[in-house]
**Student:** 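Right, I'll just put the structure down here and ask away after.
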Amino acid sequence: MTTTAVPGLTGPAAQAAAQVAQTLAGHAPLGVAYSGGVDSATLLALAVRALGPANVVAVLGVSPSLATDERARAHETAAVIGARVVEIETHEGQSAAYRANGPDRCFHCKDELFTRIDDELVTGLGLAAVAYGENADDAQRPDRPGSRAATDHRVLRPMAEAGMTKAMVREVARAMALPVADKPAAPCLASRIPHFEEVTPEKLRQVDRAEGALRRLGFTDCRVRHHGDVARIELLPEELLAAVQRREDVDRAVRDAGFRFAALDLRGIQSGAFTLPLVSVRG
């Protein structure tokens, strides 16, 4: 085992990081369910630091719900961390329950991922355990049904158990100089489709193309919500004016992706926009 202390990290974040390392001790070789976002990247970096790069593998699930840009960035970040990436193809789109797109859609997606890991990688790679990057804030949210799949498959969630909040995750990521330390959240593309409207590969491709085009226009974070012919665009509030000023470019970006109309949502980016209204919010 290598050193676990993160240089320059102090206070509660340092304590949580140390607890994560302690939880992972004895679980080598370890598979980390990895998306390239700040949570899974931070867990991956802590695992590599605690167990050594030879004892950790990043498992990247690949399906139409993974944005093209996110897949490329995930590999780039893993290279910085020094972790090996194994891609595994998932087929959640074959599940009628997933396609039905209820508030529990994420459960069926995560269940497919963890099932594939169990069936195809655990024995072949000799994994002692699998972990994923749930943080303490997400563990308290009612719109995260994927955590139930983790429980069903006995997947470790060391950051949540250590009380590592999203702010702490970013603090640890900055201390470790991870390139995604300040990366905005990037939920899967299926989250852009209203619940109870079917998830299809065509819709996911439209969203992927539209969001990629908007990022190439210089918008740092965006969501393109799929409302049939209408693309409802969510941007950072400080970038709304730029979208209006470049309305022809924005309109062309979504039309080229297959939409007929572009609508700019003045509320900006909204996490859990489709799911939160449908689940009971804890007091």
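Positions are given from 1 along the sequence.
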**Student:** What are the two closest non-hydrogen atoms of Leu156 and Ala129, and how far apart are they?
**Tutor:** CD1-CB, 3.9 Å
**Student:** Is there a donor in the side chain of Glu92 and an acceptor in the side chain of Thr90, or the other way round, less than 3.5 Å apart?
**Tutor:**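 Yes.
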**Student:** Kindly assign one of parallel, tilted or perpendicular to the pair Phe114 and His153, based on the angle between their ring planes and the thresholds 30° and 60°.
**Tutor:** tilted
**Student:** Decide whether Glu89 and Ser63 meet the rule of one side-chain donor and one side-chain acceptor closer than 3.5 Å.
**Tutor:**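 Checked: Glu89/Ser63 side chains show no N/O donor-acceptor pair below 3.5 Å.
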**Student:** When the ring centroid of Phe259 is compared with that of His227, is the distance short of 6.0 Å?
**Tutor:** no
**Student:** Checking the side chain of Thr77 only, and the main-chain atoms of Ala74 only, is there a donor and an acceptor separated by less than 3.5 Å?
**Tutor:**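 No, because the side chain of Thr77 does not come within donor-acceptor range (under 3.5 Å) of the backbone of Ala74.
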**Student:** Could you walk me through whether Leu125 and Arg84 pass the side chain to side chain contact (heavy atoms under 4.5 Å, CB included) test, one step at a time?
**Tutor:** CA-CA 12 Å; Leu125 296 177; Arg84 178 166 63 112; 4.2 Å; yes
**Student:** If you measure from CG on Leu30 to CG on Asn55, what distance do you get to the nearest 0.5 Å?
**Tutor:**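 Answer rounded to 0.5 Å: 9.0 Å.
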**Student:** First locate atom SG of Cys222, then atom CZ of Arg192, and finally report the distance between them rounded to the nearest 0.5 Å.
**Tutor:**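 One finds 7.5 Å between SG of Cys222 and CZ of Arg192.
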**Student:** Test side chain to side chain contact (heavy atoms under 4.5 Å, CB included) on Arg223 and Ile233; report intermediate values, then the result.
**Tutor:** CA-CA 6 Å; Arg223 305 279 190 278; Ile233 303 167; over 6 Å; no
**Student:** Could you check whether Arg116 pairs with Asp119 (Lys NZ or Arg NE/NH1/NH2 to Asp/Glu carboxylate O, under 4.0 Å)?
**Tutor:**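 Salt bridge flag = no for Asp119 with Arg116.
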**Student:** Applying side chain to side chain contact (heavy atoms under 4.5 Å, CB included) to Leu43 and Asp39, what does each step give before you reach the verdict?
**Tutor:** CA-CA 6 Å; Leu43 176 60; Asp39 293 321; over 6 Å; no
**Student:** Answer yes or no: is there a side-chain heavy-atom contact under 4.5 Å between Val250 and Leu264?
**Tutor:** no
**Student:** Under the side chain to side chain contact (heavy atoms under 4.5 Å, CB included) rule, what do Leu189 and Glu211 come out as? Steps first, then yes or no, please.
**Tutor:** CA-CA 10 Å; Leu189 296 175; Glu211 291 188 357; 4.0 Å; yes
**Student:** Report yes if the side chains of Ser147 and Tyr132 come closer than 4.5 Å at any heavy-atom pair, otherwise no.
**Tutor:** yes
**Student:** Under a single-linkage definition using a 4.5 Å side-chain heavy-atom cutoff for Ile, Leu, Val, Met, Phe, Trp and Tyr, are Val172 and Leu24 assigned to the same hydrophobic cluster?
**Tutor:**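 Yes; tracing contacts between hydrophobic side chains, which count when under 4.5 Å, links both residues.
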**Student:** Measure across Ala41 and Leu178 and return the closest heavy-atom pair with its distance rounded to 0.1 Å.
**Tutor:** O-CD1, 3.9 Å
**Student:** Restricting to non-hydrogen atoms, name the atom on Ala186 and the atom on Lys183 that form the minimum distance, rounded to 0.1 Å.
**Tutor:**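 Nearest heavy atoms, Ala186 then Lys183: CB-NZ, 3.6 Å.
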**Student:** Please say yes or no: joined through hydrophobic side-chain contacts below 4.5 Å, possibly via intermediate residues, are Met176 and Leu44 part of one cluster?
**Tutor:** yes
**Student:** Within a strict 4.5 Å, meaning less than it, do heavy atoms of the Ile193 and Asn101 side chains meet?
**Tutor:** yes
**Student:** Checking side chain to side chain contact (heavy atoms under 4.5 Å, CB included) between Met164 and each of Asp137, Leu46, Asn135, which is the one that passes?
**Tutor:** Leu46
**Student:** Is any side-chain heavy atom of Val59 less than 4.5 Å from a side-chain heavy atom of Val32?
**Tutor:** no
**Student:** Would you indicate whether the side-chain heavy atoms of Leu113 and Ile88 approach each other to under 4.5 Å?
**Tutor:**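 A side-chain contact under 4.5 Å exists here.
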**Student:** Do the side chains of Glu248 and Arg255 get close enough for a salt bridge, i.e. N-O under 4.0 angstrom?
**Tutor:**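 A salt bridge is absent here (no side-chain N lies under 4.0 Å from a carboxylate O).
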**Student:** I need the Tyr98 OH to Asp104 CG distance, nearest 0.5 Å.
**Tutor:**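 Between Tyr98 OH and Asp104 CG, I get 12.0 Å after rounding to 0.5 Å.
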**Student:** Are any of the side-chain nitrogens in Arg71 or Glu87 under 4.0 Å away from the carboxylate oxygens of its partner?
**Tutor:** yes
**Student:** Is the shortest distance from a Lys or Arg side-chain nitrogen in Arg157 or Glu161 to a carboxylate oxygen in the other one below 4.0 Å?
**Tutor:**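 Between Glu161 and Arg157 there is no salt bridge, as every charged N stays at least 4.0 Å from the carboxylate O atoms.
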**Student:** Decide, yes or no, whether a salt bridge links Glu70 with Arg73 under the criterion of side-chain N to carboxylate O below 4.0 Å.
**Tutor:**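 Salt bridge flag = yes for Arg73 with Glu70.
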**Student:** Taking all non-hydrogen atoms of both residues, which atom of Gly36 and which atom of Ser40 are closest, and how far apart?
**Tutor:** N-OG, 3.3 Å
**Student:** Identify, with sequence neighbours excluded, every residue that meets salt bridge (charged side-chain N to carboxylate O under 4.0 Å, His left out) alongside Asp138.
**Tutor:** Arg144
**Student:** Which residue in the set Leu266, Asp221, Asp265, Val224 passes side chain to side chain contact (heavy atoms under 4.5 Å, CB included) when paired with Glu234?
**Tutor:** Asp265
**Student:** State whether Asp111 and Arg148 are salt-bridged, where the test is any N-O pair (Lys NZ or Arg NE/NH1/NH2 against Asp/Glu carboxylate O) under 4.0 Å.
**Tutor:** no
**Student:** Do Val254 and Phe261 have side-chain heavy atoms sitting under 4.5 Å apart?
**Tutor:**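 No. Closest side-chain heavy atoms not under 4.5 Å.
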**Student:** How long is the straight-line distance from CG of Asp208 back to CG of Leu66, given to the nearest 0.5 Å?
**Tutor:** 8.0 Å
**Student:** Could you tell me the separation between the CG atom of Leu214 and the OG1 atom of Thr220, rounded to the nearest 0.5 Å?
**Tutor:**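 Answer for the CG-OG1 pair, Leu214 versus Thr220, is 11.5 Å.
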**Student:** Determine yes or no for a side-chain-to-main-chain donor-acceptor pair under 3.5 angstrom, with Arg99 supplying the side chain and Val199 the backbone.
**Tutor:**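 No; zero donor-acceptor contacts below 3.5 Å.
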**Student:** Starting from the C-alpha separation in whole Å, work towards a yes-or-no answer on side-chain hydrogen bond (donor to acceptor under 3.5 Å, both in side chains) for His91 and Glu112.
**Tutor:** CA-CA 7 Å; His91 304 281; Glu112 165 69 6; 5.4 Å; no
**Student:** Any Lys/Arg nitrogen of Asp69 or Arg215 sitting under 4.0 Å from an Asp/Glu carboxylate oxygen of the other?
**Tutor:**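 Yes, this pair counts.
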**Student:** So how far is it from Ile269 CD1 to Glu239 CD, rounded to the nearest 0.5 Å?
**Tutor:**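 Here the rounded value is 8.0 Å.
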